[in-house]
Amino acid sequence: MKQIDINQLARENVRNLRPYSSARDEFQGAASLFLDANENPFESGYNRYPDPHQKALKQTIASIKGISADQLFLGNGSDEAIDLIIRTFCEPGRDAILIPQPTYGMYAVSAATNDVGILSVLLTNEFQLDTKAVLQAVTPFTRIIFLCSPNNPSGNLLHPEDIEHLLNGVNCLVVVDEAYIDFTDNPSWIRRLAEFNNLIVLQTLSKAWGLAGLRIGLCIAHPDIIALLNKIKPPYNINSFTQAEALRRLTGNKAEIAAQISTLRQERIRLSEALQKVSGINKVFPSDANFVLVRMANATAVYRKLIANGTVVRDRSGVVLCTDCLRISICTPAENQHLIDQLNAI
Ligand SMILES: *Cc1c(COP(=O)(O)O)cnc(C)c1O
């Protein structure tokens, strides 16, 4: 159980600012003649501004996730949510975020873009949290700890008891990025939000939902946090096409998506087993995501040879704790087989 003063943690300028009020904010109700937003009146399908509050889409997502709509912020990808969280809570030139490494690169890029400090703490050799080292590294100016579970690029879930230990042990925000949660059996941290108002959960429609091209990231947190993000977001950050298409996917054929996830999880097992038999591959790390991290001899040379064959994987060999590692996305059974055949031929 942890309850912090959220508004006190936010930057003073964000607390005090009056958000932009769009034409569609100031008028609500039924009208047939819209002369308020300088739109082109001739119908193009997209001549009207999108709903700045994404009401229909949020209602649908909230009911799927079992939350209320005021606990939900939608970003132009999770990347926008990450940036807005940092800009809401971190004073440039003074505050810092803390990130266990190796992990997703955007937390550090967004922090650096905003002149916010970055405290890095190594994960263990099993890519788990060293909670003692994290707690020791936290300073009074640490505003946010970013955790990624399942972690990118390692693929493993972080131990829930470690995450809970951090949530209880700090007076700052803890973001748990669950971009890959749909590929695990583990429950989401969403169900713990009532216990920890310093907890922010990130999810996305880019992975299991198959909508990476639309750009929708979910930020789920206490309504006070969501209200602060809404204050500083660009008014029309989710365009009309994206809102409509996402709604269609979310209310469409759920069995099809479940079947895709099930196939990818089966392929994760099959691909991992096949990779273990490829000569030169020393380790296939256990994964709860839709990719596997593989350690092998001459990883960068293998990476180049795969590219010469038209196959691109992610070379992570330059990343801390990932020496000689490639990260491989799990694809269709035929594509996975194609990769295995290529690796065996190298
Ligand atoms: C892929 C990924 C995301 C998704 O980002 P979007 O901007 O929503 O596409 C977020 N976090 C992690 C750790 C990821 O690997």
Side-chain angles (χ1 to χ4, degrees), residues 54 57-58 61 64-65 72-87 97-111 113 118 120 123 127-129 144-158 163 173-184 186 188-190 199-221 229 233-234 237-239 241-243 245-246 249-250 260-261 264 268 285 287-293 312-316 319-322 325-331:
Q54 307 110 19
L57 182 55
K58 274 191 185 162
I61 294 175
I64 290 172
K65 300 290 176 188
L72 177 62
F73 172 85
L74 298 181
N76 186 355
S78 310
D79 293 345
E80 183 181 47
I82 291 164
D83 184 66
L84 289 175
I85 294 166
I86 289 175
R87 281 203 275 154
I97 65 165
L98 188 150
I99 33 185
Q101 299 278 13
T103 194
Y104 186 51
M106 279 310 291
Y107 317 132
V109 170
S110 270
T113 304
I118 300 159
S120 289
L123 291 168
F127 299 111
Q128 287 298 332
L129 288 166
I144 312 164
I145 299 176
F146 280 93
L147 306 177
C148 186
S149 182
N151 187 45
N152 180 2
S154 51
N156 60 295
L157 282 158
L158 301 178
I163 297 180
L173 298 169
V174 176
V175 173
V176 181
D177 187 340
E178 296 185 331
Y180 301 99
I181 192 70
D182 301 299
F183 301 104
T184 83
N186 255 50
S188 165
W189 279 89
I190 288 175
L199 169 64
I200 298 179
V201 177
L202 295 179
Q203 294 188 1
T204 180
L205 301 190
S206 295
K207 306 284 157 60
W209 287 95
L211 298 179
L214 284 185
R215 313 303 303 129
I216 297 213
L218 284 51
C219 171
I220 303 155
L229 299 178
K233 84 179 180 78
N237 61 326
I238 312 285
N239 69 63
F241 179 83
T242 292
Q243 290 190 41
E245 281 297 295
R249 180 81 167 166
L250 289 161
Q260 290 175 355
I261 293 172
L264 292 169
R268 178 169 74 204
F285 289 90
S287 171
D288 271 292
N290 64 339
F291 58 84
V292 284
L293 189 72
V312 53
V313 299
R314 194 95 153 104
D315 185 0
R316 299 282 78 186
V319 172
V320 63
L321 295 183
C322 296
C325 286
L326 302 181
R327 193 195 69 194
I328 300 171
S329 302
I330 297 167
C331 295

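Both ligands and their constituent atoms are indexed starting at 1 by order of listing.
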Among all protein heavy atoms, pick the one closest to atom 12 (C) of ligand 1 and tell me residue, atom and distance.
D177 OD2, 3.5 Å
Dump the intermediate steps for side chain to side chain contact (heavy atoms under 4.5 Å, CB included) on I216 and L57, then the final yes or no.
CA-CA 11 Å; I216 297 213; L57 182 55; 3.6 Å; yes
For the residue pair Q54 and N237, confirm or rule out a side-chain donor-acceptor distance under 3.5 Å.
yes
Looking at ligand 1, would C148 count as a contact under a 4.0 Å heavy-atom criterion?
yes
Do any nitrogen or oxygen atoms of Y107 lie less than 3.5 angstrom from nitrogen or oxygen atoms of ligand 1?
no
Would you mind checking which non-hydrogen protein atom is closest to atom 7 (O) of ligand 1, with the distance to 0.1 Å?
R215 NH2, 2.6 Å
Atom indices of ligand 1 within 4.0 angstrom of S206 heavy atoms, with elements:
6 (P), 8 (O), 9 (O)
Hey, would you say the F291 and Y180 ring centroids sit under 6.0 Å apart?
yes
Can you confirm whether the side chains of R215 and N239 place a donor and an acceptor under 3.5 Å from each other?
no
Examine the proximity of ligand 1 to S78 and report which part, side chain or backbone, both or neither, has a heavy atom under 4.0 Å away.
both
If you take the nearest heavy atom of each of M106, E178, E80, K207, which one is closest to atom 1 (C) of ligand 1?
K207
Could you walk me through whether Y104 and D79 pass side chain to side chain contact (heavy atoms under 4.5 Å, CB included), step by step?
CA-CA 11 Å; Y104 186 51; D79 293 345; 2.8 Å; yes
Parallel, tilted or perpendicular: which one describes the rings of F127 and F285, with boundaries at 30° and 60°?
perpendicular
Once you restrict to heavy atoms under 4.0 Å, what part of D79 touches ligand 1? Side chain, backbone, both or neither.
both
Looking only at protein heavy atoms, which one is nearest to atom 15 (O) of ligand 1, and how far off is it?
Y180 OH, 2.6 Å
With a cut-off of 4.0 Å, which atoms of ligand 1 are near a heavy atom of A179?
2 (C), 3 (C), 10 (C), 11 (N), 12 (C), 14 (C)
Take F183 and I261, measure what side chain to side chain contact (heavy atoms under 4.5 Å, CB included) needs, and give me the verdict at the end.
CA-CA 7 Å; F183 301 104; I261 293 172; 4.2 Å; yes
